[in-house]
Amino acid sequence: MENVVLFGFMGAGKTVVGKEVARKLCMEFVDMDDIIEEKEGCSISEIFAEKGEKHFREVESEAARSLSRREGLVIATGGGVVLDRKNVDALQLSGAGICLTASPEVIYERVKNESHRPLLLTDNPLKRIRSLLRYRAPFYAKVKYRIDTSDLPAESVVENILGIVKKDREISAATRSRGGENADLKS
Ligand code: S3P
């Protein structure tokens with residue numbers, strides 16, 4: 001079964017919503033940050049502080065590669081996984097890629113009381129969110145589907161995702177069956 005891959009900025013709701021999507025579709029939920037923490041034996045904050053962002057991105061790319069070889073997963077990616085185009089391409093080849101978006105203000109409200117995201121530990125997190133979002137916009141634009149979650153409760157985001165997955169699977173099935181017909185004609 002094809003994967004469902006959730007992309008989007010920190011605080012977009014990938015983990016909360018992804019768990020529920022996995023439950024409804026009877027699929028396994030995987031959070032990429034958890035895989036990275038397990039592999040490195042320490043928290044994301046510790047990886048950034050002790051080994052640096054470059055090392056984190058390398059481990060993140062390895063996790064993206066290995067998850068994209070698996071099937072039947074709902075994957076919540078880390079917000080920066082899109083920075084390497086190869087990650088996005090590999091993950092989207094494994095299933096439907098959906099980018100959850102939200103305005104900088106909404107993201108700020110959602111993350112302001114949390115402290116586990118090293119990139120947002122600055123004097124002015126809202127300013128950092130705005131500038132990262134501006135920089136990353138073309139990278140998130142490579143994801144096939146998108147949902148603006150700014151004004152949506154989590155249940156509605158889940159319903160939207162289920163609709164996209166259904167449509168995407170129908171398209172894949174139709175494409176496969178057309179490929180089959182062509183293969184028959186060629187033989
Ligand atoms: C990051 C997002 C985080 C985590 C790390 C870097 C980013 O994941 O991977 O702190 O670069 O946007 P979430 O999007 O799950 O918070």
Side-chain angles (χ1 to χ4, degrees), residues 3-22 28-68 73-92 95 97-143 145-150 152 154 157-158 161:
N3 294 329
V4 176
V5 191
L6 302 180
F7 295 92
F9 199 74
M10 298 171 265
K14 294 161 293 186
T15 303
V16 172
V17 160
K19 283 184 178 162
E20 187 55 14
V21 169
E28 185 185 341
F29 174 77
V30 181
D31 190 307
M32 266 182 67
D33 283 347
D34 291 348
I35 301 237
I36 294 168
E37 290 184 337
E38 243 167 64
K39 176 146 194 298
E40 293 288 284
C42 57
S43 70
I44 301 288
S45 300
E46 285 165 338
I47 302 172
F48 269 76
E50 288 159 22
K51 301 181 181 168
E53 181 171 352
K54 186 168 175 289
H55 175 77
F56 172 80
R57 296 296 171 206
E58 284 163 10
V59 186
E60 186 175 53
S61 290
E62 274 169 38
R65 263 197 305 278
S66 85
L67 287 176
S68 61
L73 304 177
V74 176
I75 304 168
T77 64
V81 79
V82 292
L83 294 170
D84 185 338
R85 180 71 196 267
K86 288 196 282 297
N87 296 341
V88 182
D89 290 346
L91 286 163
Q92 291 205 109
I98 303 170
C99 187
L100 304 183
T101 69
S103 69
E105 294 73 20
V106 167
I107 286 171
Y108 175 66
E109 283 304 313
R110 290 182 189 161
V111 302
K112 69 179 181 195
N113 296 320
E114 298 173 345
S115 59
H116 63 280
R117 294 184 175 96
L119 292 178
L120 299 183
L121 294 178
T122 77
D123 291 344
N124 191 339
L126 180 56
K127 191 170 165 212
R128 170 64 63 85
I129 291 168
R130 285 205 179 99
S131 80
L132 283 173
L133 277 175
R134 231 187 341 267
Y135 177 76
R136 291 182 180 179
F139 297 91
Y140 289 125
K142 303 291 178 207
V143 181
Y145 300 102
R146 63 197 51 254
I147 300 171
D148 185 354
T149 70
S150 301
L152 291 179
V157 180
V158 170
I161 292 174

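Just follow the structure's listing: the first ligand is 1, and inside any ligand the first atom is 1.
Tyr145 is not listed as a side-chain neighbour of Val5, based on a closest heavy-atom distance of 4.5 Å or more. Contact check for Phe56 versus Ile36: side-chain heavy atoms found under the 4.5 Å cut-off.
For ligand 1, the atoms lying closer than 4.0 Å to a non-hydrogen atom of Pro118 are 10 (O). Listed by number with element, the atoms of ligand 1 under 4.0 Å from a non-hydrogen atom of Leu119 are 7 (C), 11 (O). Less than 4.0 angstrom separates some heavy atom of Ile44 from each of these atoms of ligand 1: 5 (C), 10 (O).
Panel note: side chain Lys14, backbone Thr77; a donor-acceptor pair is recorded below 3.5 Å. Put simply, the side chain of Glu20 never gets that close to the backbone of Val157: no donor and acceptor are under 3.5 Å apart. Looking only at distances, a side-chain donor or acceptor of Asn3 sits under 3.5 Å from a matching main-chain atom of Leu73.
Residue contact annotation: Arg57 has a non-hydrogen atom under 4.0 Å from ligand 1.
Regarding atom 16 (O) of ligand 1, its nearest protein heavy-atom neighbour is Arg117 NE, 2.7 Å. Of the protein's non-hydrogen atoms, the one nearest atom 15 (O) of ligand 1 is Asp33 OD2, 3.3 Å. The protein atom (non-hydrogen) at minimum distance from atom 12 (O) of ligand 1 is Arg136 NH1, 2.7 Å. With respect to atom 14 (O) of ligand 1, the closest heavy atom belonging to the protein is Lys14 NZ, 2.5 Å.
Between Gly79 and ligand 1, at least one pair of N/O atoms sits closer than 3.5 Å. Considering backbone and side-chain atoms together, Gly80 places an N or O closer than 3.5 Å to an N or O of ligand 1.
A salt bridge links Arg57 to Glu60: one of the charged nitrogens lies within less than 4.0 Å of a carboxylate oxygen.
The minimum heavy-atom distance between Gly8 and Cys99, with the atom names listed, is CA-SG, 4.0 Å.
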